[in-house]
Amino acid sequence: MTVIIGLEIHCQLNTKTKLFCGCSTDYRDDGPNTHVCPICLGLPGTLPVTNKQAVLYALKVAKALHCEVPAFSEFARKNYFYPDLPKAFQITQYDKPLAVGGYIEIEAESGGEKRVQLTRIHMEEDPGRLVHKGSGDRGRYTLVDYNRSGVPLIEIVTEPELSSPKEARRFLNKLRATLEYLGIYDPEREGSLRVDANISIKGYERVEVKNITSYKGVEKALTFEITRQKGMIRRNAPIVRETRHYQEARGVTTSARSKEEEHDYRYFPEPDLAPLEVSSWVPEIVLPELPDARRDRFMQQYGISQNHARTLTGDLKLAEFFEEVASDMPEIAAPWTADILLGELNYRDMPVTKVPVPHYIALLLEVKKGSVTDTSAVEILRLILNQVIEEEKPEMPGEIIVRLGLSKEGGDSIVDTVASVLKEHEAAVADHRAGKAGAINFLVGQVMKATRGRADPKEIAKIITDLLKD
Amino acid sequence: MVSKEDVAHIATIADIGVDESELELFTSQFNTILDYFDVLDSVPVGGDAAPLRSNVFRNDEVVPSLPHDDVLMNATDPEDGFIRAPRVI
Amino acid sequence: MGSQYSFDHPDPHNAFITICHEAEYGEGPLSGIPVAVKDNISTAGIETTCGSNILKGYIPPYDAHVITLLRSAGAAIVGKTNMDEFGMGTTTETSAFGPTLNPADTTRAPGGSSGGSAAAVASGMVHMALGTDTGGSIRCPASFCGIVGLKPTYGRVSRYGLIAYANSMEQIGPLAGNVRDCALLYSVIAGHDPRDGTSLDLPAPAPLKPEIAGKRIGVPAEFFGEGVDPTVASVVQSGIDRLEGLGAEIISCSMPSMQYALAAYYVTSMSEASSNLGRYDGVRFGMAPDFVRLWHDAYSHIRKTGFGEEVRRRILLGSFALSAGYKGKYYAKAQAARQMVRNDFARLFETVDMLAGPTMPCVALPLGETSNPLSMYLADILTVPANLAGVPALSVPCGTAHTLPVGLQLIGKHGAEDEILSAALAFEEGSA
Ligand SMILES: [Zn+2]
């Protein structure tokens, strides 16, 4: 059963002001309805005027994603009733979007690159936010906060060309990184990237899944929906063309009521806004180095693997961090940052920007000098990260090594330890002599235990072999 | 010709309540008016109205928002700074 | 700042919805002059209803751009005038605040939708007033009440704060007892406003002087076509003869797109209105909805009780004209027809300086007479072309028919208000 996925991604542009009025978009720390004016509140008599910066940002995305910008585009009204929509229409773009076509290249399932084609990019305004209160049929009511109303969005629509939730995740990671590199969106802002997905099994009806509010939820939502559809097919139950909502907390999709689907948006050109003729602006737009270019440069400049380069450039802040710490020792910095640090950060849900750079560089230098084992270095890293989280002043790795006595054991003392371990475990020694595989690993483990990880396993194995040669 | 059902459907889309008794009247009036609009059938297609101008923008500069009290001034029973709306679930 | 104008007139014609008995005024070209404002123009701190129950009690927290201009010109804003609900009517009878009576004959309607502004001027309560004109709503009541009214070029006067009926066609404009007052008020409100993206940046209006000699005035045959009251036609024809007597050159011409103009106007205005009026759901302002109902239900109910019949009719027809399966037949065709009207004006204005004809095909109608919506719509046939094309047009008194006022309409080139006002002044004063 072939899976077909298309995505619609809404991205809030990080302009200072809203799309059609001068209200600040920096409302997240403030109370409800504190960043609204007659325009974004939809009071009678108000008129929209387009924020030029929002158009420039959208064009920047269009250029970075290889879209075509038609000579003429326009805003249109999408008419429907919902309490989060103060004017009862959303100003969006309909049959004349800002940009058409374009593509994003992702790592294919089979390895190599896959080009995912885009349908279009258009601009629109965000609705307000609803809070549901009360309980029981007559006790329920809705409260509205219009602070978000009018925040500029771009909607990026893909062709139905993604074939698995994993590909969808890769696509979104690449898109997110690109948007971040372009500096047109703030990944730290809650809800700044939202995804709707169209999912079908080849030969069956298409289902739209809305309300995937975090891009991290996409893989889960898609996996659930595909499993549900496949199950329906196996049971010979019909898949109906419908809209379903993703319930983030439960990780399931549920059918939207049919009443909500009875839409006739009655689009027509927004009479209060002049059309856009901005295709001539595109050549003037200067793009920053984008993830693919940076990945290739990392491979060349630092001589690191494609996988490491891809991981390190997959996030702007991570790439910048790497460049700060990599200078003299990219061969150490790359695996440490991509394989170890990133895992520790994910585990702690901690942004890379919180990692104290001097401490991290000092740690890498200790590793490079060989003054601590990898195991101890990870221990030191964890300690530093935890200190940051606890808002304590982090210790320098050198101090930690001294305080905890983590200096790597070597020379005679390690040989002594190995010798005493061998004496204690005569049976294992016998097994090893008898050529039993695995015995050496047991012995190495015992030595590691005795040194509390301060020795290098490879070195121990060599010493064991040397000692038992006699 | 539009039917009573057509008018009722449009009333649903436009969120405009229409009584059964009015439905009859609106339907007959609509047919008279829409008959008159049929004159447009003979307008040649493709003559889309050309825009009078394009590219009207404002700069991305913050303008003070409305004082919070003014935001709530015309709303009924605001709660904790929120504006009250009918239930959606 | 801070002088008070005491406005203490009785209002026998129901010209006002709200009267400001004590109005503040300042220094400027309109210092101390009482000005009435149509109730679809937002006034901070003064109830603004659009003649509708659904907006009863709504106090805008901001001033329309024209109000800011009026205040800085020193005017005393003495009240908000009655109007057809949301501007949808030709008689001012669709107002939720009762009909306005025509001061020229109180058994008749003043025309609409700016009937309150026209009656306030015609009855002498004020010398000048602001109205709005979407398809003739300034010129029609000016004609029926025997005063002067100007619909400026689309974009000449900021619409910021004008409560929208049909955005792509409407303009705020002056009504006054004579051309000079009309031009004075126009000169105060004309100008660019960055808050209105359709606002034009044109040079300031020129000082007014009577001027008509040598002007080439086109008279399209269609302006005297079927449906024009013969008495009205002959009064206007003699008015055009007077223009010729003042030295104008009268040129017969034709405007074939007139056959589409009224349908194009109504389809466009209803479509835009159906969208503009979606926001009246009671949540942020106006009548309170029943919060216990589900939103569609609550909205449908409040929009049934809050809007009058004509408004609901136009919202429904406009929604229909934009709906899936019908948009191509109605909305798209109306836009194409609109372009034909524009092209006709452009072609005519290559050879003439302005067009002349009757403002309305009839005189003021008896109150309570219009029950058939289409027959009411048909009365707008001569005024809507200027709105479709965005060109300026005015109505100036031209005599009487059946003892009631008749208006002469002058339609000018894009941005040529000065030219038609100068011609109207010459006509009014009988001197070139
Ligand atoms: Zn705002």
Side-chain angles (χ1 to χ4, degrees), chain B residues 2 6-19 22-23 25-27 29-53 55-59 63 66-67 69-78 83-89, chain C residues 57-59 61-62 154-155 194 197-198 259-260 262-264 266-267 274 278 281-286 288-301 303-305 307 309 312-313 315-317 319-321 323 329-330 332-340 342 372-374 377 390:
Chain B
V2 291
D6 294 332
V7 176
H9 174 68
I10 288 296
T12 310
I13 284 171
D15 270 11
I16 294 272
V18 176
D19 285 340
E22 291 176 304
L23 212 48
L25 177 70
F26 276 155
T27 305
Q29 288 174 340
F30 285 9
N31 279 313
T32 312
I33 294 164
L34 292 172
D35 270 355
Y36 179 80
F37 289 170
D38 280 348
V39 67
L40 295 172
D41 287 348
S42 61
V43 172
V45 275
D48 219 12
L52 299 172
R53 84 194 108 137
N55 292 354
V56 180
F57 298 110
R58 42 170 270 273
N59 290 328
V63 173
L66 262 188
D69 287 348
D70 285 359
V71 175
L72 306 182
M73 173 172 83
N74 285 289
T76 303
D77 297 338
I83 290 175
R84 186 181 299 265
R87 65 189 181 91
V88 294
I89 47 171
Chain C
Y58 168 60
I59 313 270
Y62 76 102
Y154 185 74
T198 62
Q259 61 177 311
Y260 303 123
L262 194 78
Y266 271 99
V267 168
S274 72
D281 54 24
V283 171
R284 294 156 309 282
F285 49 84
D290 182 355
F291 295 111
V292 172
R293 299 182 187 219
L294 272 167
W295 83 106
H296 278 304
D297 194 21
Y299 291 177
S300 296
H301 183 255
R303 290 157 62 75
K304 175 174 183 294
T305 48
F307 286 138
E309 188 183 308
R312 287 161 67 221
R313 185 157 39 238
I315 291 174
L316 291 173
L317 277 164
S319 302
F320 182 69
S323 67
K329 178 173 162 62
Y330 296 109
K333 286 285 191 164
Q335 301 322 299
R338 188 171 182 180
Q339 188 57 42
M340 292 172 75
R342 280 188 195 154
N372 172 359
L374 181 60
Y377 301 167

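In the text below, chain A, chain B and the rest are named by the order of the sequence lines, each starting its count at 1.
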Visitor: Would you mind checking which part of R84(B) comes under 4.5 Å of any heavy atom in chain C, side chain (CB onward), backbone (N, CA, C, O), both or neither?
Guide: both
Visitor: With chain B, which of T198(C), D290(C), D297(C) has the greatest number of heavy-atom pairs at distances under 4.5 Å?
Guide: T198(C)
Visitor: By a 4.5 Å heavy-atom criterion (distance strictly below it), what part of F37(B) contacts chain C: side chain, backbone, both, or neither?
Guide: both
Visitor: Counting heavy-atom pairs under 4.5 Å with chain B, which one of Y58(C), Y260(C), F285(C) comes out on top?
Guide: Y260(C)
Visitor: What option among D77(B), I83(B), V43(B), V71(B) has the most heavy-atom pairs under 4.5 Å with chain C?
Guide: V43(B)
Visitor: Report the option among S323(C), A298(C), G155(C), P373(C) that has the most heavy-atom pairs separated by less than 4.5 Å from atoms of chain B.
Guide: P373(C)
Visitor: Any donor and acceptor pair, going by atom type alone, linking the side chain of R342(C) with main-chain N or O of A337(C) inside 3.5 Å?
Guide: no
Visitor: Looking at D41(B) and K333(C), is any side-chain nitrogen of the basic one under 4.0 Å from a carboxylate oxygen of the acidic one?
Guide: no
Visitor: Please flag which part of I16(B) lies under 4.5 Å from any non-hydrogen atom of chain C: side chain, backbone, both or neither.
Guide: both
Visitor: For N31(B) and T27(B), indicate whether the former's side chain and the latter's backbone hold a donor-acceptor pair under 3.5 Å.
Guide: yes
Visitor: Return yes if some donor-acceptor pair links the side-chain N/O of Q335(C) with the main-chain N/O of A332(C) below 3.5 Å, else return no.
Guide: no
Visitor: Of the non-hydrogen atoms in A264(C) and R338(C), which two are nearest, and what is the gap between them?
Guide: CB-N, 4.4 Å
Visitor: Which answer fits Y62(C), side chain, backbone, both or neither, if we ask what part of it has an atom under 4.5 Å from a heavy atom of chain B?
Guide: neither
Visitor: Closer than 3.5 angstrom, by distance alone: can the side chain of R312(C) be matched with the main-chain N or O of G17(B) as a donor-acceptor pair?
Guide: yes
Visitor: State the CD-CG distance between Q29(B) and N372(C), to the nearest 0.5 angstrom.
Guide: 7.5 Å
Visitor: Going from OH on Y377(C) to OH on Y36(B), what distance comes out if it is rounded to the nearest 0.5 angstrom?
Guide: 12.5 Å
Visitor: Is it the backbone or the side chain of L40(B) that comes under 4.5 Å from a heavy atom of chain C, or both, or neither?
Guide: both
Visitor: Going by ring pair (Phe, Tyr, Trp, His ring centres under 6.0 Å), name the residues that satisfy it together with F291(C), two or more places apart in sequence or in a different chain.
Guide: none
Visitor: Against chain C, label L25(B) side chain, backbone, both or neither, depending on which of its atoms sit under 4.5 Å from a heavy atom there.
Guide: side chain
Visitor: Output the option from H301(C), K329(C), Q259(C) having the highest count of non-hydrogen pairs under 4.5 Å with chain B.
Guide: K329(C)
Visitor: Between V2(B) and chain C, which part of the residue has a heavy atom less than 4.5 Å away: side chain, backbone, both or neither?
Guide: side chain
Visitor: Using non-hydrogen atoms and a 4.5 Å limit, figure out which bit of R293(C) sits close to chain B: side chain, backbone, both or neither.
Guide: backbone
Visitor: Chain C heavy atoms under 4.5 Å from V56(B): which part of the residue, side chain, backbone, both or neither?
Guide: side chain
Visitor: Would you mind telling me which of I315(C), L374(C), D281(C), I59(C) has the largest number of heavy-atom pairs within less than 4.5 Å of chain B?
Guide: I59(C)
Visitor: When rounded to the nearest 0.5 angstrom, what is the spacing between CD in E309(C) and NZ in K304(C)?
Guide: 11.0 Å
